[in-house]
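Reading through the structure tokens given below for one structure.
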Amino acid sequence: MEFKNIKFEVIGNICTITMSRPKALNALNRSALEELDQALDLIGKDKNLHLLVITGEGKAFVAGADIVEMSDMTTAEAASFSKFGADVFRRIEKLEMPVIAAVNGFALGGGCELAMCCDIRVASEKAKFGQPETGLGITPGFSGTQRLARLVGPGKAKELLFSCRVIDGREAERIGLVNQAVQHEVLMETVYGLAQEILGKGQIAVRYCKEAVNRGYETDMDTAMDIEKNLFALCFATEDQKEGMTAFTEKRKAEFKTR
Ligand code: DAK
């Protein structure tokens with residue numbers, strides 16, 4: 001498939017999507033969001049893929065939704081754009097496999113929201129995070145108010161949303177917006193190192209963990225514990241569980257087959 005706004009690369013079990021509209025610092029227009037959506041279709045169909053990395057080309061991860069395209073939108077068009085973007089981001093969040101954001105630079109507005117819908121965020125210390133929407137006279141449209149508050153707490157989220165303050169990777173790490181901030185030069189090797197660490201585990205169990213955390217986080221504790229219990233039980237229908245436990249008793253490394 002030909003993409004104009006993203007790069008789609010598969011190496012081994014890892015797919016990397018690089019947001020790539022350098023003339024607009026990878027800002028998300030409708031076409032970029034559509035390509036992201038199509039890329040998710042491809043990923044869902046490829047049984048050999050076990051992990052997705054999302055990053056950006058050049059000095060930006062994503063500098064937000066495309067302000068030029070948004071500026072003339074009617075209320076109906078804004079609602080449709082917001083719904084489409086939010087749906088694509090929700091698809092990323094619900095993708096069965098783990099998704100790591102490698103935040104290389106500006107992650108503003110929709111860019112910060114894209115990073116937040118990923119499971120894990122590793123940032124360059126040079127990365128810049130912020131939700132500048134109120135400075136444009138709008139609210140975030142891709143669930144930023146919700147995910148930011150869940151990640152950093154409502155007080156810090158409101159401070160960032162109300163003030164449009166921009167923070168770097170280290171500060172983002174300090175407040176829990178990213179898992180880890182690293183020197184810019186080692187960002188991708190850190191991300192792929194983490195990816196390999198994850199890929200060495202039982203992928204069905206990894207996926208169930210993602211599902212348990214996501215679904216459990218959105219419900220009450222009793223229901224969440226039921227979700228975990230059911231997924232735990234399902235692991236015992238897999239070859240991976242037999243292999244993982246046999247390997248332990250035989251004191252060797254497990255060779256998981258994702259079955
Ligand atoms: N959209 C369109 N073009 C952008 C852009 C953006 N978000 N960000 C940068 N560009 C373009 C610039 O216009 C410039 O284009 P030319 O002038 O060269 O043609 C080019 O990228 C390079 O940018 P700069 O020259 O400005 O580069 P600098 O290094 O000087 O500055 C910057 C980098 C990231 C600080 C600056 O570009 C900047 O402030 N960009 C805007 C950042 C921003 O405000 N992002 C948040 C966008 S708002 C909703 C749906 C979605 C959303 C909200 C509601 N609903 C429908 C309800 C989401 C909103 C947002 O994401």
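Start at 1 and go down the list; that is how both ligands and their atoms are numbered.
- Residue contacts with ligand 1 for Leu28 are absent, since no atom lies close enough (heavy atoms, distance under 4.0 Å).
- Every atom of ligand 1 with a heavy atom of Ser82 under 4.0 Å away is listed here by number and element: 55 (N), 56 (C), 57 (C).
- Two residues are said to be in side-chain contact when any heavy atoms from C-beta on lie closer than 4.5 Å; Leu199 and Tyr192 fail this criterion.
- Proximity of Glu133 to ligand 1, defined as any heavy-atom pair under 4.0 Å, is confined to the side chain (atoms from C-beta onward).
- Using a cutoff of 4.0 Å between basic side-chain nitrogens and carboxylate oxygens, Glu159 and Arg165 are scored as salt-bridged.
- Under the 4.0 angstrom criterion, atom 26 (O) of ligand 1 counts as lacking any protein heavy-atom contact.
- Within a 6.0 Å radius of CD in Glu255, no more than 12 heavy atoms belonging to other residues, nucleotides or ligands are found.
- Of the possible donor and acceptor atoms, one in the side chain of Glu35 sits under 3.5 Å from a partner among the backbone N and O of Asn5.
- Contacts of Ala63 with ligand 1, taken as heavy-atom pairs under 4.0 Å, involve both backbone and side chain.
- Contact annotation: for Lys59 versus ligand 1, heavy atoms closer than 4.0 Å belong to the side chain alone.
- In this structure, atom 37 (O) of ligand 1 lies nearest to the protein heavy atom Leu25 CD1, 3.6 Å.
- Distance check on atom 61 (O) of ligand 1: some protein heavy atom falls below the 4.0 Å cut-off.
- Remark: atom 15 (O) of ligand 1 lies closer than 4.0 Å to at least one protein heavy atom.
- Paired with Val191 under the rule side chain to side chain contact (heavy atoms under 4.5 Å, CB included), one option of Val53, Asn104, Val103 passes, and it is Val53.
- Protein heavy atom nearest atom 35 (C) of ligand 1, with residue, atom name and distance: Phe106 CE2, 3.9 Å.
- In the hydrophobic clustering of this structure, Phe162 groups with Leu136; members are Ile, Leu, Val, Met, Phe, Trp, Tyr whose side-chain heavy atoms approach within less than 4.5 Å, directly or through other members.
- Taking a distance limit of 4.0 Å, we find that atom 39 (O) of ligand 1 is approached by no protein heavy atom.
- Taking a distance limit of 4.0 Å, we find that atom 10 (N) of ligand 1 is approached by some protein heavy atom.
- In terms of modelled atom types and a separation under 3.5 Å, the side chain of Ser124 and the main chain of Lys126 share a donor-acceptor contact.
- Between the Thr246 side chain and the Lys242 main chain, a donor and an acceptor come within less than 3.5 Å of each other.
- By the definition of a contact as any protein heavy atom under 4.0 Å away, atom 56 (C) of ligand 1 is in contact.
- The shortest N or O to N or O distance between Glu113 and ligand 1 is not under 3.5 Å.
- Given atom 4 (C) of ligand 1, the protein heavy atom at minimum distance is Ala24 O, 3.8 Å.
- Proximity to Ile138 (heavy-atom distance under 4.0 Å) selects the following atoms of ligand 1: 53 (C), 54 (C).
- Atoms of ligand 1 found under 4.0 Å from any heavy atom of Leu108 (numbered from 1 in listed order, with element): 34 (C), 42 (C), 45 (N).
- By the 4.5 Å heavy-atom criterion applied to side chains, Leu187 and Val122 are counted as neighbours.
- Side-chain N or O atoms of Glu189 include none that pairs as donor or acceptor with a backbone N or O of Val186 at under 3.5 Å.
- At least one side-chain heavy atom of Arg121 sits under 4.5 Å from a side-chain heavy atom of Leu151.
- Residue contact check: Phe142 has heavy atoms under 4.0 Å from atoms 50 (C), 51 (C) of ligand 1.
- Of the protein's heavy atoms, at least one falls inside 4.0 Å of atom 45 (N) of ligand 1.
- Of the possible donor and acceptor atoms, one in the side chain of Lys210 sits under 3.5 Å from a partner among the backbone N and O of Leu95.
- Phe8 is listed as a side-chain neighbour of Ile43, based on a closest heavy-atom distance under 4.5 Å.
- Two residues are said to be in side-chain contact when any heavy atoms from C-beta on lie closer than 4.5 Å; Met19 and Leu28 meet this criterion.
- In the vicinity of Gly110, heavy-atom distances shorter than 4.0 Å reach the ligand 1 atoms 60 (C), 61 (O).
- Scanning the protein heavy atoms around atom 52 (C) of ligand 1, the nearest turns out to be Gly141 N, 3.6 Å.
- Distances from atom 48 (S) of ligand 1 to the protein include at least one heavy-atom value under 4.0 Å.
- Atoms of ligand 1 lying under 4.0 Å from any heavy atom of Thr139, numbered from 1 in the order shown and given with element: 53 (C), 54 (C).
- Between Met97 and Leu51, the shortest heavy-atom distance links the atoms SD-N, 3.5 Å.
- On a distance-only criterion, Val68 and ligand 1 share no N/O pair closer than 3.5 Å.
- The shortest N or O to N or O distance between Ile67 and ligand 1 is below 3.5 Å.
- Distances from ligand 1 to the non-hydrogen atoms of Lys23 include at least one value under 4.0 Å.
- Here is the list of ligand 1 atoms found below 4.0 Å of a heavy atom in Pro132: 43 (C), 44 (O), 45 (N), 46 (C).
- Ile175 is listed as a side-chain neighbour of Ile167, based on a closest heavy-atom distance under 4.5 Å.
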